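The chain is numbered in sequence order, starting from 1. The model shown is predicted, which means the values in this text are computed figures rather than measured ones.
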Amino acid sequence: MEIQFKLNGKPAVAEVSGDTVLFDVLRNLGCYSVKCGCETTNCGLCTVWINGKSRLSCSILAASVAGQEITTLEGLQKEAEELGTFLANEGAEQCGFCSPGFIMNALAMVQELENPSVEEMKEYLAGNLCRCTGYMGQLRAIQKYMAAKKAGAEAKREVQA
């Protein structure tokens with residue numbers, strides 16, 4: 001069957017069978033940031049946004065995304081680069097294998113939660129596995145990223161006033 005959806009803001013079409021998972025469709029369409037590490041929804045490497053919400057593409061049937069908007073890291077290059085810089089500055093990015101899924105989930109958290117506590121951040125990011133770093137560097141990086149985004153938004157409001 002043919003499905004149509006938006007991928008990173010552009011129309012996309014894919015031919016799928018009833019058991020095709022979204023992960024496979026995205027990889028076939030060139031979204032190589034979407035990775036598979038477990039096929040059991042335990043690692044977070046395949047995280048994408050469906051209509052702005054974090055989802056694991058290895059557990060979503062492709063047919064179910066017809067008409068939906070899918071965002072991968074390829075569609076969030078500016079934001080990903082900004083957050084990636086904060087992660088690198090905190091020594092929280094080493095091999096980089098888990099980074100795309102982690103960044104997707106972290107950016108979703110930034111949109112959904114305002115001033116989250118460390119515990120709330122840990123809970124939100126619990127599904128993202130990283131074998132190279134301790135999570136404290138990642139949490140510090142996200143906190144600093146959120147503070148910088150907030151300061152930038154406040155400065156922008158002052159200029160407009």
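In summary, of the residues considered (Val110, Asn115, Leu83), a side chain to side chain contact (heavy atoms under 4.5 Å, CB included) with Met146 occurs for Val110 alone. Each of Leu87, Leu107, Asn89 was checked for a side chain to side chain contact (heavy atoms under 4.5 Å, CB included) with Tyr145, and the lone residue meeting it is Leu107.
Checked by atom type and distance alone, the side chain of Lys144 never pairs as donor or acceptor with a backbone atom of Phe86 at under 3.5 Å. No donor-acceptor distance shorter than 3.5 angstrom exists from the side chain of Glu2 to the backbone of Val13, with no hydrogens or angles considered. Judged by distance alone, with hydrogens and angles left aside, the side-chain atoms of Arg27 form a donor-acceptor pair with the main-chain N or O of Tyr32 at under 3.5 Å. Checked by atom type and distance alone, the side chain of Glu69 never pairs as donor or acceptor with a backbone atom of Phe5 at under 3.5 Å. Looking at Ser57, its side chain never comes within 3.5 Å of a backbone N or O of Leu22 through a donor-acceptor pair. Without hydrogens or angle criteria, Asn8 side chain to Thr72 main chain gives a donor-acceptor distance under 3.5 Å.
To the nearest 0.5 Å, atom NZ of residue Lys6 and atom CG of residue Asn51 are 11.0 Å apart. To the nearest 0.5 Å, the span separating SG on Cys46 from NZ on Lys35 amounts to 12.0 Å. Between the CG atom in Leu45 and the CG atom in Asn105 there is a gap of 11.5 Å [rounded to 0.5 Å]. Considering CD1 of Ile3 and OG of Ser64, their distance stands at 8.0 Å, rounded to 0.5 Å.
Cluster membership for Phe97 and Phe102, using ILVMFWY side-chain heavy atoms within less than 4.5 angstrom, is not shared. At a threshold of 4.5 Å between side-chain heavy atoms, the hydrophobic network of Ile, Leu, Val, Met, Phe, Trp and Tyr places Ile50 and Leu73 in two separate groups. Transitive grouping of hydrophobic side chains (ILVMFWY, heavy atoms separated by less than 4.5 Å) keeps Leu125 and Leu56 in distinct clusters. Taking hydrophobic clusters as Ile, Leu, Val, Met, Phe, Trp and Tyr residues chained together by side-chain heavy-atom distances below 4.5 Å, Leu129 does not share a cluster with Ile103. Residues Leu76 and Val65 do not share a hydrophobic cluster, defined by chaining ILVMFWY side chains whose heavy atoms lie under 4.5 Å apart.
Glu154 CD: more than 12 foreign heavy atoms inside a 6.0 Å radius.
Taking both residues in full, the closest heavy atoms of Tyr135 and Asn128 are given as OH-O, 3.4 Å, listed atom of the first, atom of the second, then distance. Between Arg55 and Ile60, the shortest heavy-atom distance links the atoms NH2-CD1, 2.9 Å. When all heavy atoms of Phe23 and Val34 are compared, the pair lying nearest together is CE1-O, 3.4 Å. Nearest heavy atoms, Ser54 versus Tyr124: OG-OH, 4.4 Å.
For residues 120-129, the pairs satisfying salt bridge (Lys or Arg N to Asp or Glu O under 4.0 Å) are Glu119-Lys122, with sequence neighbours left out.
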Between Thr85 and Glu82, is a side chain to side chain contact (heavy atoms under 4.5 Å, CB included) present by the stated rule, with each step listed? CA-CA 5 Å; Thr85 299; Glu82 289 173 356; 5.9 Å; no
